[in-house]
Amino acid sequence: QVQLVESGGGLVQSGGSLRLSCAASRRTFNSYYMGWFRQAPGKEREFVAAISWTGGVTDYEDSVKGRFTISRDNAKNTIYLEMNNLKPEDTAVYYCTARLGRGQTRQPLDFGSWGPGTQVTVSS
């Protein structure tokens with residue numbers, strides 16, 4: 001297990017930008033497949049983006065492609081989610097998550113570690 005802590009959420013107007021960060025506790029951070037999910041009120045948790053060990057492979061949910069960018073800095077045990085052109089429908093609690101091992105996935109149950117979440121609110 002790895003402990004995760006998100007930061008960078010907040011209130012932003014439609015069309016604005018935010019950068020989320022997720023700091024991980026383990027020195028073996030570079031062994032983890034990392035991702036971001038989000039959950040809006042009354043909705044199920046949904047996949048947003050994920051990144052491979054090396055950062056060379058990324059995966060995005062269709063509605064965020066071209067607007068969000070996931071990246072990682074293994075030297076700092078941190079991943080990021082750069083969010084541009086934010087829309088009111090992006091409003092949600094955003095969760096950082098980690099999966100030990102290889103293999104691309106979008107299923108929440110495949111990820112063993114979760115952060116407490118950070119709120120992102122986009123006003124119209």
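Since the model is a prediction, treat every value here as computed from it, not as a measurement.
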Exercise for the section: For the residue pair Leu86 and Leu18, establish whether any side-chain heavy-atom pair is separated by less than 4.5 Å. Expected result: yes

Problem - Apart from Leu109 itself, residues in the same hydrophobic cluster as defined by side-chain heavy atoms under 4.5 Å - result: none

Exercise for the section: Given side chain to side chain contact (heavy atoms under 4.5 Å, CB included), test Ser31 with Leu100 step by step and report yes or no. Expected result: CA-CA 6 Å; Ser31 298; Leu100 182 61; 4.1 Å; yes

Problem - Contact check, side chains of Leu4 and Trp114, non-hydrogen atoms, under 4.5 Å - result: no

Completion exercise
salt bridge (Lys or Arg N to Asp or Glu O under 4.0 Å) pairs touching residues 55-67, sequence neighbours excluded, are Asp59-Arg106, Asp62-Lys65, Arg67-Asp90

Problem - Side chain proximity check, Val64 to Met83, heavy atoms < 4.5 angstrom - result: no

Problem - side chain to side chain donor-acceptor pair (under 3.5 Å): pairs with one or both residues in residues 5-23, sequence neighbours excluded - result: Ser17-Asn84

Practice task
Kindly work out whether a path of hydrophobic side-chain contacts (I/L/V/M/F/W/Y, heavy atoms less than 4.5 Å apart) joins Val2 to Tyr95.
Solution key: no

Practice task
Treating Ile, Leu, Val, Met, Phe, Trp and Tyr as nodes and any side-chain heavy-atom pair under 4.5 angstrom as an edge, say whether Trp53 and Val57 lie in one connected cluster.
Solution key: no

Handout entry: ring-ring contact (aromatic ring centres under 6.0 Å, His included) contacts touching residues 59-93 (sequence neighbours left out)
Key = none

Handout entry: Beyond-backbone contact of Ile79 with Trp36, side-chain heavy atoms, under 4.5 angstrom
Key = yes

Exercise for the section: Provide the full list of disulfide (SG to SG under 2.5 Å) pairs with a residue in residues 46-124, sequence neighbours left out, each pair given once. Expected result: Cys22-Cys96

Enumerate, atom names and distances included, each donor-acceptor pair closer than 3.5 Å involving a side-chain atom of residues 40-49, sequence neighbours excluded.
unit_1: Arg45; atom_1: NE; unit_2: Gln39; atom_2: OE1; d: 3.4
unit_1: Glu46; atom_1: OE2; unit_2: Arg38; atom_2: NE; d: 2.6
unit_1: Glu46; atom_1: OE2; unit_2: Arg38; atom_2: NH2; d: 3.1

